[in-house]
There are 2 protein chains.
Amino acid sequence: MNEHVHPSADLTKNQSLVMGALTKSDGPLSAYTILDQLREHGFRAPLQVYRALDKLVEFGMVHRLESLNAFVACRHPDCDDHETIAFMICETCGLVSEISDNALANRLKLLAGETRFALKKTTIELRGICRNCQTA
Amino acid sequence: MNEHVHPSADLTKNQSLVMGALTKSDGPLSAYTILDQLREHGFRAPLQVYRALDKLVEFGMVHRLESLNAFVACRHPDCDDHETIAFMICETCGLVSEISDNALANRLKLLAGETRFALKKTTIELRGICRNCQTA
DNA sequence: CGCAATCTTGTAATGAGATAACGTCACATC
DNA sequence: GATGTGACGTTATCTCATTACAAGATTGCG
């Protein structure tokens, strides 16, 4: 069995709305942007968004980008390892792409192991300019 | 010449005070914590801290921890590459250690290069429990 | 010297991100 | 039908960060 099933069917109403907003969006959204988009659906307070986001992140359907204080729908092809994903963030167009690289993950695990560090979560975010935005 | 000279001599008064607070501290400090510590030295507004921090980060003397919204004095042994440093952050004791690993840095550069992504800055933060805190 | 350009500083106000504390409601289980 | 659990709604508050504007300080040059 896959541990990272995306339980889209089991989402509550609020979770579905938040997930929908993120899926529709091209790039990452802040919690407050999501809130504004969902006001017409009855959302009134940040906590409604944050609670949904917490669950979606827990389910592995959404990632939090620490360097942006924003959230993106998970789009990486294989769902093997939600704990060691790298993000490339274009500072020009805002595009975010996910990278799942075993060599990278293993190297980090090795480094942690060397000092007996019990690794729980990794944040890897690359900021720069994507190919498209350079030629433009 | 080393491009990452730490120009401690050239720091302004505010920059020195902020740097001092970070150097004295065992772990990372938030901007507002620094502000509180420096009130007796005449600090009154967050901006005074943020301005100093911006410069110190620019000089490579201070690192920003994105996943903590906090700052640490640079303590990593070699100053070769301020752009690709990994941090291990203990969630129990707050200890932060810096890792400068070439294999890791090269792998990231390779991954970025594959998609012609012009890498500007990398954020690598490992959260977990350090060796000491596990045995305790 | 006198003046302009630039950099650093101080202050107030505000914007943006996140959570605490409270109460309520729906639903499952025994 | 009592009880536990999880999602929900609301208000207030907290933390983090920036904008905008004014005042000094410093450098460089005619």
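Keep in mind that this is a model prediction, so the values were computed, not measured. Proteins come first, then strands; the chains are lettered A, B, ... in the order of their sequence lines, and each starts at number 1.
- Taking the ring-ring contact (aromatic ring centres under 6.0 Å, His included) definition, one finds that B:Y50 meets it with nothing, sequence neighbours left out.
- Partners of A:K121 under the salt bridge (charged side-chain N to carboxylate O under 4.0 Å, His left out) rule, at least two apart in sequence or in another chain, are A:E66.
- Nucleotides of DNA chain C that come within less than 4.0 Å of any heavy atom of chain B span, from the 5' end to the 3' end, C:dT8 to C:dT11.
- With sequence neighbours excluded, no residue forms a side chain to side chain donor-acceptor pair (under 3.5 Å) with A:S25.
- Listed for the A:R116 side chain is no donor-acceptor partner under 3.5 Å among the backbone atoms of B:N132.
- Residues meeting the side chain to side chain donor-acceptor pair (under 3.5 Å) test with B:Q37, sequence neighbours left out: none.
- Residues B:A70 and A:N14 each lie close to DNA chain D; by heavy-atom proximity, the contact nearer the 5' end of the strand is made by A:N14.
- Looking at residues two or more places apart in sequence or on another chain, you find no salt bridge (charged side-chain N to carboxylate O under 4.0 Å, His left out) involving A:D54.
- Comparing B:Q15 and A:S30 against DNA chain C, the residue whose closest nucleotide sits nearer the 5' end is B:Q15.
- Contacts with DNA chain C (heavy atom under 4.0 Å) in residues 39-50 of chain B: B:R44, B:A45, B:L47, B:Q48, listed by number.
- In this structure A:F43 satisfies the ring-ring contact (aromatic ring centres under 6.0 Å, His included) test with no other residue, sequence neighbours excluded.
- Under the ring pair (Phe, Tyr, Trp, His ring centres under 6.0 Å) criterion, the residue pairs touching residues 85-104 of chain B are B:H63-B:F87, with sequence neighbours excluded.
- A nucleotide of DNA chain D counts as in contact with chain B when one of its atoms lies under 4.0 Å from a heavy atom; the first and last such, 5' to 3', are D:dC16 to D:dA20.
- Residues satisfying the salt bridge (charged side-chain N to carboxylate O under 4.0 Å, His left out) criterion with A:E58, sequence neighbours excluded, are A:K55.
- In this structure A:R51 satisfies the salt bridge (charged side-chain N to carboxylate O under 4.0 Å, His left out) test with no other residue, sequence neighbours excluded.
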